[in-house]
Amino acid sequence: MTPSNGATDAIPQALGGDARLLGVFAESDGRGYALFRLSSGPKLVAAGQEIAAGATLAAVQPDGIVVREAIGERNIVLRNAQARTVLATAGQPEKTSPSKSACAPPAGFKGQVVALNAELMNGLIAQPDSWRALLEPSTGALLVRDESGFAAMLGLKRGDRIEQANGIALSSADDVISAVLRPLASNQPVRLTGSRDGQPRELWLRNTAC
């Protein structure tokens, strides 16, 4: 496997220079999904599927992907479009992103890890209708009613219940902005808890800059 020199979220040449990796949903054994922005628009790809002619998504990892081309495989690391460090202004200390320990899932966490680019999250904040259609209030939780698009990116399925984000109850679709998207855009990881088919389920969401 060819390492990614100077790891960035630049996409292999087979996909064209304007392609961009926006987020990953990492499962075990390299399975999962990756969200790309291509010249043709957003595209959600599962491991093993073709991203574009000549390029296949070979594996999904918590911090990036492996792409298979004719010349071999290469790692593409998911990184934020924003810099990790904001330079200090006169008389003020510099601001940095949270420590890696704060971004990592807590001990005992058994769910999936999802890494999302700030560009994607800011787009969702700016266009709330793109995710409002996925959720509906349901007795102290949000019920997933559409398993395509962004829901699939998060590994959600129709009928899943999302109850809390970092311990904050979610009772309306608009709660997603304040309790999930805005914290993520500020480099704060979010732990989603809920259930599927009556069984507890959780997700760890983090900004790629975290």
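All of these numbers come straight from a predicted model, not from anything done at the bench.
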Exercise: identify the closest heavy-atom pair between Leu38 and Lys43:
CD1-CD, 3.8 Å

Pair Arg161, Arg201 - check side chain to side chain contact (heavy atoms under 4.5 Å, CB included), show working.
CA-CA 9 Å; Arg161 289 172 58 86; Arg201 188 169 185 271; over 6 Å; no

Is there a path of hydrophobic side-chain contacts, each under 4.5 Å between heavy atoms of I, L, V, M, F, W or Y residues, that connects Val176 with Leu22?
yes

For the backbone of Leu184 and the side chain of Asn207, can you confirm whether one donor and one acceptor N or O come within less than 3.5 Å of each other?
yes

Exercise: identify the closest heavy-atom pair between Leu143 and Gly159
CD1-O, 3.4 Å

For Ala165 against Val190, the heavy-atom pair lying closest together
CB-CG1, 3.9 Å

From Ser138 OG over to Asp160 CG, what is the distance, rounded to the nearest 0.5 angstrom?
12.0 Å

Identify which one of Leu192, Leu203, Leu134 satisfies the side chain to side chain contact (heavy atoms under 4.5 Å, CB included) criterion when paired with Leu156.
Leu203

Distance from Arg145 atom CZ to Leu135 atom CG, nearest 0.5 Å?
7.5 Å

If two hydrophobic side chains count as joined below 4.5 Å and joins carry through other members, does Leu116 share a cluster with Tyr33?
yes

Would you find a donor on one side and an acceptor on the other, under 3.5 Å apart, between the side chain of Trp204 and the backbone of Cys103?
yes

Sub-3.5 Å donor-acceptor pair from the side chain of Asn75 to the main-chain atoms of Val66, do we have one?
no

Residue pair Ala34 / Leu21: nearest heavy atoms and the distance that separates them:
CB-CD1, 4.0 Å

Val144-Leu205 co-clustered via ILVMFWY side chain contacts under 4.5 Å:
yes

With a 4.5 Å heavy-atom cut-off, do Ile51 and Glu69 have their side chains touching?
no

Is it the case that Asp174 and Ser178 place a side-chain donor and acceptor less than 3.5 Å from each other?
no

Pairwise distance OG1(Thr56) to CD(Glu73) - rounded to 0.5 angstrom:
9.5 Å

So how far is it from Ile162 CD1 to Glu202 CD, rounded to the nearest 0.5 Å?
13.0 Å

Atom of Leu170, atom of Ala179 and distance for their closest heavy-atom approach:
CD2-CB, 3.8 Å

Indicate the atoms forming the closest heavy-atom contact of Ala173 with Leu142, along with that distance.
N-CD2, 3.8 Å

Starting at CD1 of Ile65, measure out to CD1 of Ile76 and round the result to the nearest 0.5 Å.
6.0 Å

Side chain to side chain, Thr193 and Gln164, heavy atoms closer than 4.5 Å:
yes

Within this structure, what is the CG-OG1 distance for the pair Asn187 and Thr208, rounded to the nearest 0.5 Å?
8.0 Å

